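Single-structure report; data block below.
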Amino acid sequence: MSDKELTKLPGFRDFPPEDFARRSYIQGAWRRVAQRYGFQEYDGPPLESLDLYVEKSGDEIVGQLYNFVDKGDRDVALRPEMTPSLARILAKRSRGMSKPIKWFSMPQLFRYERAQRGRLREHFQWNVDIIGESSVAADAEVLAIAIDGLRELGLTDKDFAARVSDRRLLTALLLGIGVREENLGATFGVIDKIERLPAEKAEQLLVEEAGLENTEIEALKSLLSSTRIDDVTREFGDDSRVAEELHRFRQYTDMLESMGLGDFVELDLRIVRGLAYYTGIVFELFDRKRDLRAICGGGRYDRLLELVGGDPQPAVGFGMGDVVLGELLKEMNLVPEYERSLDYFLVAVSGEEYPAALRLAHQLRDQGHSVAYGLRQQGVTKQMKAAAREGANTVLIIGPDELANGTVLVRDMTSGEQREVQRQEFE
RNA sequence: GUGGGCGUAGCUCAGUUGGUUAGAGCGCCGGAUUGUGGUUCCGGAGGUCGCCGGUUCAAUUCCGGUCGUCCACCCCA
């Protein structure tokens, strides 16, 4: 051993069994829900070519890439998000696949930045995507899955909500209130962070960076404070392009309403999403108390497959990380207590019975039961303690008497009752 | 990347106004108990007081640096 202590890298997590159990609990819920919607699981490599991200994901992501040069002189990066990999995987083969393609994954993702609450250098993210379907029903399906993923973990509409918007709708609205086409990008940028800015600062940016006039700013403020589609329709719906976008957006929310998920969904035009590749409906899931960062974010990205060199395919999906979600679950007391559990624990009283115990243990294992026993010769007390520690439901005791009689003492560890049973009954 | 809090046993923490052998609870190991667990009792192991340097007769304690961690900011898939 070196005298220097080996520690884990900053921002990375260990998963001893208690923590691994929590991770499995979350991932199990994700997997069940995805399968319930008919989605197929896939994965890709954790290490990708740097090029996959530098032009497609936007500067924010590239600045936080966990990247390096490998021994083959290749510029590589640990994947910071899954969508580019998905696009790459599908780029070549999607042409021959029946549509829509409904895939999900739970990749471990990486970024290089200082760790803080809800953000580490590594996390697991549930990714769910529908490729090859431009209908708004696909958008609704994807949001429904995200919501159900949280419902599956015991969260309700009292705990979280989806804030939804549509970049196409927002574009039409901005053009409608007089924002010039060349200023759209900058305006989006300011809207994206408007919640985090003081009001004066936001207005200043809208004038200086987005080139907006005062009247436009007033209209924009009214827009962004709208939480009901009806209000937006009344105020801005005369514009034919806006009306068209509103129609689709209403279909979207109506579908979620029909599913019974209406109470989870709120219009919020301030949701833009930082990622460069989103093209349509976008959404984020937040805890109601707003203590935490976004639990989940997603939307439509119809251009991405084309950008990575594949066939153009409409696409919509989301990513949900395990770190923020884990904190919310802990806060809500929705993480089940970790317990070991075992069907049977065998006790050999004197050591003479060890061969018979091994034989019985293996018969039970062949039948599919979980079975353990002491791995060294110890007194019965010790073995019973071990049985309790491992969470045994039933202890099977074989001593000299049982060995002679061909029986086994069956002890129910919950009730404490025990009875003698012929060993053959377990065969 | 910037600023601040914190770093003492496996875990949660106490303590030392600078002074000999640094403590508790929980956990772990052993025993009470050579055919019976979860309770109880007794005993034990486990610490270079994060690391490096400075001040001092003497540093776990004061000072500086560094690393780690947490929080906030920047940013946010």
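The sequence lines fix the lettering, A, B, ..., with proteins before strands; numbering per chain opens at 1. Remember, predicted model here, so these are calculated numbers, not experimental data. Note that these values count all heavy atoms, side chains included, but never hydrogens, waters or copies made by symmetry.
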* Asked: How far, in whole Å, is B/G7 from B/C49 if one measures between their P atoms?
  -> 15 Å
* Structure fact -> Among B/U69, B/G35, B/G38, the one nearest any side-chain atom of A/P10 is B/U69
* Taking for each residue the nucleotide of RNA chain B bearing the nearest heavy atom, is the 5' side occupied by A/A115 or by A/G319? -> A/A115
* **Of A/R273, A/R270, A/R163, the residue whose pairing with A/E284 passes side chain to side chain donor-acceptor pair (under 3.5 Å)** => A/R273
* A/K289 with A/E331: basic N within carboxylate O range, under 4.0 Å -> yes
* To do: Quick one: label A/Q383 by what it contacts on the DNA or RNA (base, sugar-phosphate, nothing), any heavy atom closer than 4.0 Å.
  => nothing
* Asked: Is the distance from OP1 or OP2 of B/U34 to the nearest side-chain N or O of A/K382 less than 4.0 Å?
  -> no
* When only distance counts, do a donor and an acceptor, one from the side chain of A/E402 and one from the base of B/G35, lie under 3.5 Å apart? -> yes
* Report, as yes or no, whether the 6.0 Å neighbourhood of atom CD on A/E352 holds more than 12 heavy atoms from other residues, nucleotides or ligands. => no
* To do: Using atom CG of A/N393 as one end and atom C1' of B/G38 as the other, report the distance to the nearest whole Å.
  => 14 Å
* Asked: Looking only at atom P, what distance separates B/G27 and B/C70, rounded to whole Å?
  -> 27 Å
* For B/U60, what is the paired nucleotide under Watson-Crick or G-U wobble rules, both distances under 3.5 Å? -> none
* Looking at B/C76, B/G37, B/G30, which one has an atom nearest to any side-chain atom of A/Q378? -> B/G30
* Using the P atom in both, what is the distance from B/G47 to B/A24, to the nearest Å? -> 15 Å
* Whole-Å C1' distance, B/C52 and B/A59 -> 14 Å
* **Neighbour count >12 (heavy atoms, 6.0 Å) for atom CZ, A/R359** => no
* NA contact type, A/Y301, heavy-atom cut-off 4.0 Å: base, sugar-phosphate, or nothing? -> nothing
* Asked: If you measure from the C1' atom in B/U56 to the same atom in B/U66, how many Å do you get, rounded?
  -> 23 Å
* Asked: Does A/E48 come within less than 4.0 Å of A/R74, counting only side-chain N to carboxylate O?
  -> no
* In whole angstrom, give the distance that lies between atom NE2 of A/H123 and atom C1' of B/C76. => 11 Å
* To do: For nucleotides B/G18 and B/A58, find the distance between their C1' atoms and express it as a whole number of Å.
  => 8 Å
* Quick one: which of B/C75, B/U2, B/C28 gets closest to the side chain of A/R114? -> B/U2
* Starting at CG of A/D192 and ending at P of B/C75, how long is that distance when rounded to a whole Å? -> 11 Å
* Asked: So what does A/G399 hit on the nucleic acid, given a heavy-atom distance under 4.0 Å: a base, only sugar-phosphate, or nothing?
  -> base
* How far, in whole Å, is B/U12 from B/C75 if one measures between their P atoms? -> 34 Å
* With a 4.0 Å cut-off on heavy atoms, is A/G297 in touch with a base, just the backbone sugar-phosphate, or nothing at all? -> nothing
* Structure fact -> By the Watson-Crick or G-U definition, both distances under 3.5 Å, B/U33 is matched with none
* Classify the nucleic acid contact of A/E390 as base, sugar-phosphate or nothing, counting any heavy atom under 4.0 Å across all strands shown. => nothing
* Would you call A/R288 and A/E266 a salt bridge, using N to O less than 4.0 angstrom? -> yes
* Asked: In whole Å, what separates the P atom of B/U16 from that of B/U55?
  -> 27 Å
* Asked: Could one point to a donor on the side chain of A/R411 or the base of B/G37 with an acceptor on the other under 3.5 Å away?
  -> yes
* To do: Quickly work out the A/Q418 CD to B/G35 C1' distance and round it to whole Å.
  => 9 Å
* To do: Identify whether any heavy atom of A/I397 sits under 4.0 Å from a base atom; if not, whether one sits that close to sugar-phosphate; answer base, sugar-phosphate or nothing.
  => base
* To do: Find out whether the Lys NZ or Arg CZ of A/R300 is both under 6.0 angstrom from the six-membered ring centre of A/Y278 and within 45° of the ring's axis.
  => no
* Structure fact -> Atom CD of A/E113 and atom C1' of B/G1 are separated, to the nearest Å, by 11 Å
* On RNA chain B, nearest-nucleotide positions of A/K385 versus A/K193: which is more 5'? -> A/K385
* Asked: Within this structure, what is the CZ-to-C1' distance between A/R121 and B/C75, rounded to whole angstrom?
  -> 14 Å
* Asked: Whole Å only: how far is the CZ atom of A/R119 from the C1' atom of B/A72?
  -> 13 Å
* Asked: Which of the following nucleotides, B/G30, B/G35, B/G4, is nearest to the side chain of A/D401?
  -> B/G35
* To do: Tell me what A/G11 touches on the nucleic acid: a base, only sugar-phosphate, or nothing, going by heavy atoms under 4.0 Å.
  => sugar-phosphate
* Which value, rounded to the nearest 0.5 Å, describes the distance between A/L364 atom CG and A/D343 atom CG? -> 8.5 Å
* Any strand is fair game: report the nucleotide pairing with B/U66 by Watson-Crick or G-U wobble, both distances under 3.5 Å, or none. => B/G50
* Is there a Watson-Crick or G-U wobble partner for B/U2 with both distances under 3.5 Å, and which nucleotide is it? -> B/A72
* Asked: Separation of A/M384 atom CE from B/G38 atom P, in whole Å?
  -> 9 Å
